[in-house]
Amino acid sequence: MPGRGLYSPSIMPDTPQPLHHDTRYDFAAAEPRWQQAWEAARCFSVPDVPPAGAKKYYVLEMFPYPSGKIHMGHVRNYTLGDVVARYKRAQGHLVMHPMGWDAFGLPAENAARERGTHPAKWTYANIANMRAELKRMGLSLEWEREFATCDPEYYGQQQKLFLDCLKAGLVERKESWVNWDPVDGTVLANEQVIDGKGWRSGAPVEKKKLSQWFFAITKFAPELLEALGTLERWPERVRLMQANWIGRSEGARFAFQLAEPVDGMTDCEVFTTRPDTLFGMSFLAVAAEHPLAAAAAARNPEAAAFIAECRAMGTSEAVIEQAEKKGFDTGFRVVHPFTGESFPVWIANFVLMEYGTGALFGCPGHDERDHEFASKYGLPILPVVQPRGAAPDFSVAAKPYTDDGVIVNSQWLDGLDVPAAKRAAIAKLEEMGAGQGVTNWRLRDWGVSRQRYWGCPIPVIHCDDCGVVPVPADQLPVVLPEDVDFSRPGNPLDHHPTWKHVNCPCCGKPARRETDTFDTFVDSSWYFARFCSPRAGEPVTKAAVDAWLPVDQYIGGIEHAILHLLYSRFFTRAMKATGHVKLDEPFAGLFTQGMVTHESYRSAVDQRWLYPEEVEKLGDGTAVVKGTNEPVIVGRIESMSKSKRNTVDPGAIINRYGADTARWFILSDNPPERDMEWSESGVAGASRFIGRIWRLAQSMVEADKPDEAVGKKLRQATHRAIAAVTEALEAFTFNVAVAKIHELANTIGDSATAPLAARREAMEALVRLSAPMMPHLAEEIWALLNPGRGLVAQLPWLEADPALLRAETATLAVQVLGKLRGTIEVSVDASDEEVFALAEAEPNVIRALDGKPVKKRIHVKGRVVNLVI
RNA sequence: GCGGGCGUGGUGGAACUGGUAGACGCGCCGGACUCAAAAUCCGGUUCUGGUGACAGAGUGUCGGUUCGAUUCCGACCGCCCGCACCA
């Protein structure tokens, strides 16, 4: 009943008056009014340090890059988070739900080069626009905590954290390879390399070695892997992907002696996970960046040409691994540690310098890549492992055998299984002093240096005498200069006339600032901590982070499953090591949403991409361009992207249908972890439902002849809906919550004869259950039904009455041999005997039994009866 | 290439822990209201056969386990995501 103790006294005496009755729901008037009411009541504000005894809950969606406009992916992400925030708040939690901007990055520099707009101006204008758009969505965000990572107040604190890490030995300077555009004189991101060429200059890209800053994430590899087991509220697939990325593998590291020394090198060290197949070796392969490759290049122009070809592939692992396997025989030879036989050393384009030692021994019989390589260059392919009980004609000539089995052709390893042979081979290598068993990690240290302007300056100074000197704390933040020139290629910080010239803080002599800036993943690796005390004069305030962290529910795209999340997990540990936080894991719960997709359209005449609003769909399934009627090719459903023009502008949707409709549709379409297809008709349907609820709310008048039986059924439906919606919200199956609310609305519509009290109870429950999803309509109807009774945003969540959830009878399916032959209605606590008797009396069941004796009877309470004949 | 995921009517999807496949929405079909349209309301809608009661088939494909499989196991096919300088 409406009086189940859930009315709270009017918290806000001046809640807005509802709209006039009997009109169409005017979302354009209602939505801004309720947004203002929430803001005036400070419904979503929480203190940096929660009061004792408060149940805190930190909801966070991945903050957006301020590209200029919000897109449907944002609408989905922030709607999901808002449902959680509003639901948890109603459940009595003190909810922190902040928003900010991942504001450094390449697009701002591209805009500067293309349009001459300064990155800061472009970025802050985009932020202003996107903030306004987000506000129109009616999100329960606490805007007081907002910041952008390009604010000096933020990145200055980041510089402090970096210097703390430097002091703690968590930062190193090392050389690494980058994509280099020789014409533009610029380092390129992988996405700026297209078919091996720079995206602007079109010049073939080269790999170049640069001295860069690295976070020592590999020091944490074992615990980053192990702690995945504690992340119970993370999707299993994300944990799996991270585990594979960290890539722990057991194997051996050992040296091959070179048959003859090369430039002072007498051996070549390799890493392998398959020391058991060492007798099946037919060549040794090194990466193009390996010292032996360099030595070969110095002797042979063809080798140099091959290395140049490898360098032209860029640094993308996906590109390298998909390229055709190619190699070059250096003419050097190595000696097998067990047999003394000698083997050729090849440079191979599939060997990665970053993994293991940059060199491997090739065993084509038992490795896919080695097999492809050996087949191509006519190198021997020897079987050394066979499946147990292998046929006499077992061969690895056509296909390598990579599973467990029994070792053959391997002298003293023969007859062992693979794990035993691995142990034996490692023991022998150790005994010989050639190498040892090791654990290898695929994870590499995190290179954070970027040769770009629009990023956080790395706060160090290079002095010829003192080396690398940290910028003293009292000189932080190191602020980006505003007067920069984007007309020249390269890093504007580097060719700025004055900015980099400073005196060394140690010796006072002229020195140079570091002109590299941080990878933007650094910015996003601790923003969640900064939100706890966003204006503090230190990176984080201990009392605030200790109280609010970890994030209880983090929500974002699956595309961040590895890098952003792994870097954040590392950075949190680094902040712990430097005394800023107490915890290891930043995100206790993670939810990864799917993408928003749409059909794509191209003109059949000139193949140009078309926006959905330019296209008219005809009844026969074909489509034409509005106005010109030129035929349109309806393309695949794919991720919304600007280049394919298959985007829908959330602003336009909100203008036309209102924020609640957009939110409701985006939640109702499908489960949030899956990709969703945006459809006009789906939005229109959501809009119709809102109209229907609005009309239903106005029909809350007593029936002429109230029917108690209908009332009881309605009350049961109401409380079942409360239980079902609660369960669905807990499970993140918001589409199911929407369906259950639809069912309740259908039942209210069918219960016009129920007593008014039951109808009102149902209506109020509907409103409160749907409030996390369509908060404006909920407030509007609440105010209509209960003027002056406060805001739904401040009401507690409903609880179902268990007495009304109980059912007296159950419908059982009756199967004969597993096939449905009828249903019976039984009391919920009917005995097996009663149930079987009823089942076997069903006419259709009798026909299916066909007079045969029943051999076995199965009864699953409340579900099914199965008769086996 | 390597790693991860997904696949159910015309369509998005639902289905507790292995127990009536298709809840709910969209679309479509029919009807009411209207001069007409929009809006709204009511009914129908997995496929095949049958007037019907009903029967048969059916959750990407093929096979297995089980009294019973969308659910568990194996192989395959298709699509999607990530691969370290996009965010």
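Just so it is clear: chains get the letters A, B, ... in the order the sequence lines come, proteins before strands, and each one is counted from 1. Small disclaimer: the values here were computed from a predicted structure and weren't measured.
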- [ ] Please work out if A:E324 contacts a base, only the sugar-phosphate, or nothing of the nucleic acid, heavy-atom cut-off 4.0 Å.
- [x] nothing
Task: Proximity to the side chain of A:V187 - top-ranked nucleotide from B:rC26, B:rC83, B:rC85 - done: B:rC85
Open item on the list: Among B:rG4, B:rA21, B:rC41, which nucleotide has an atom closest to any side-chain atom of A:Q815?
Closed with: B:rA21
Open item on the list: Tell me whether A:T218 contacts the main-chain N or O of A:R444 through its side chain, where contact means a donor paired with an acceptor under 3.5 Å.
Closed with: no
Task: Residue-phosphate contact under 4.0 Å: A:S681 side-chain N/O, B:rG27 OP1/OP2 - done: no
- [ ] Could you check which of B:rC54, B:rC83, B:rC85 has an atom nearest any side-chain atom of A:N844?
- [x] B:rC54
Task: Syn or anti conformation of B:rG9, syn meaning chi within 90° of 0 - done: syn
Open item on the list: What I want to find out is whether A:R857 reaches A:E840 closely enough, with some N-O distance under 4.0 Å, to be called a salt bridge.
Closed with: yes
Open item on the list: Which residues pass the ring pair (Phe, Tyr, Trp, His ring centres under 6.0 Å) test with A:F665, not counting sequence neighbours?
Closed with: A:W678
Open item on the list: Heavy atoms only, 4.0 Å cut-off, all strands: where does A:F350 land among base, sugar-phosphate and nothing?
Closed with: nothing
- [ ] Answer with base, sugar-phosphate or nothing: what part of the nucleic acid does A:N866 contact at a heavy-atom distance below 4.0 Å?
- [x] base
Task: Most 5' of A:A848 and A:L820 on RNA chain B, judged by nearest nucleotide - done: A:L820
Task: Interatomic distance at C1', B:rC73 relative to B:rG18, whole Å - done: 13 Å
- [ ] Describe the nucleic acid contact of A:K325 in one word from base, sugar-phosphate, nothing, applying a heavy-atom distance below 4.0 Å.
- [x] nothing
Task: Distance, rounded to the nearest Å, where A:W245 contributes CH2 and B:rC2 contributes C1' - done: 11 Å
Open item on the list: Give me the distance, rounded to whole Å, that separates B:rU11 from B:rC29 when you measure between the C1' atoms they each carry.
Closed with: 16 Å
Open item on the list: Base, sugar-phosphate or nothing for A:L106? Non-hydrogen atoms, less than 4.0 Å.
Closed with: sugar-phosphate
Task: Test item: side-chain donor near acceptor, A:S211 and A:E175, under 3.5 Å - done: no
TODO: Return the nearest nucleotide to the side chain of A:A813; candidates are B:rA55, B:rG5, B:rU20.
DONE: B:rU20
Between the protein and nucleotides 11-15 of chain B, list every N/O to N/O distance that falls short of 3.5 Å.
residue: B:rG12; atom: O2'; partner: A:D669; partner atom: O; Å: 2.6
residue: B:rG12; atom: O2'; partner: A:D669; partner atom: OD1; Å: 3.1
residue: B:rG12; atom: O2'; partner: A:D669; partner atom: OD2; Å: 3.0
residue: B:rG13; atom: O3'; partner: A:N735; partner atom: ND2; Å: 3.3
residue: B:rA14; atom: OP1; partner: A:N735; partner atom: ND2; Å: 3.2
residue: B:rA14; atom: OP2; partner: A:R674; partner atom: NH2; Å: 3.3

Task: Note: A:D445-A:K174 ion pair, threshold 4.0 Å (strictly below) - done: yes
Task: Minimum-distance nucleotide (side-chain atoms of A:Y65 versus B:rA87, B:rC85, B:rA55) - done: B:rA87
Open item on the list: Short of 4.0 Å, heavy atom to strand atom, which residues of residues 442-452 of chain A count as contacting RNA chain B?
Closed with: A:R442, A:L443, A:R444, A:G447, A:S449, A:R450, A:Q451, A:R452
TODO: Go through B:rA57, B:rC85, B:rC26 for me and flag the one nearest to the A:R688 side chain.
DONE: B:rC26
Open item on the list: With no hydrogens and no angle check, just 3.5 Å: does a side-chain donor-acceptor pair link A:Q158 and A:D523?
Closed with: yes
Task: 5'-most by nearest nucleotide on RNA chain B - A:A684 or A:D750 - done: A:A684
TODO: For B:rU59 and B:rA14, measure between their C1' atoms and round to the nearest Å.
DONE: 12 Å
Open item on the list: Would you call the rings of A:F215 and A:W446 parallel, tilted or perpendicular, taking 30° and 60° as the class edges?
Closed with: tilted
Only pairs under 3.5 Å count here: list side-chain donor-acceptor contacts from residues 186-194 of chain A, not counting sequence neighbours, and write none if there are none.
residue: A:T186; atom: OG1; partner: A:D184; partner atom: O; Å: 2.9
residue: A:N190; atom: OD1; partner: A:N179; partner atom: ND2; Å: 2.9
residue: A:N190; atom: OD1; partner: A:T315; partner atom: OG1; Å: 3.1
residue: A:Q192; atom: OE1; partner: A:A189; partner atom: N; Å: 2.8

- [ ] Verify the distance criterion only: is there a donor paired with an acceptor across the side chains of A:Q242 and A:W234 at less than 3.5 Å?
- [x] no
Open item on the list: Does this structure show an ion pair linking A:K209 with A:E289, if we count only N-O contacts that are shorter than 4.0 Å?
Closed with: no
Task: Secondary-structure string, 5' to 3', Watson-Crick or G-U under 3.5 Å, | for another-strand partners, for RNA chain B - done: (((((((..(((......[....)))((((((.......))))))((((....))))..(((((..]....))))))))))))....
Open item on the list: When you compare the side chain of A:R720 with that of A:E743, does any pair of heavy atoms fall below 4.5 Å?
Closed with: no
TODO: Please determine, for the side chain of A:N190, which listed nucleotide (B:rA87, B:rC83, B:rA84) has the closest atom?
DONE: B:rA84
TODO: Select one nucleotide: of B:rG1, B:rG5, B:rC54, the one nearest the side-chain heavy atoms of A:Q322.
DONE: B:rG1
Open item on the list: Just to be sure I understand the rule, does A:V868 reach a base, reach only the sugar-phosphate, or reach nothing, if contact means heavy atoms closer than 4.0 Å?
Closed with: sugar-phosphate
TODO: Could you tell me whether A:A318 contacts a base, only the sugar-phosphate backbone, or nothing, with contacts defined as non-hydrogen atoms closer than 4.0 Å?
DONE: base
Open item on the list: Holding to ring pair (Phe, Tyr, Trp, His ring centres under 6.0 Å), I want the full list of residues that pass it with A:Y657, two or more places apart in sequence or in another chain.
Closed with: none
TODO: May I ask you to say what A:H560 touches in the nucleic acid, namely base, sugar-phosphate or nothing, with a heavy-atom cut-off under 4.0 Å?
DONE: base
TODO: Report yes or no: do A:R847 and A:N844 form a side-chain donor-acceptor pair below 3.5 Å?
DONE: yes
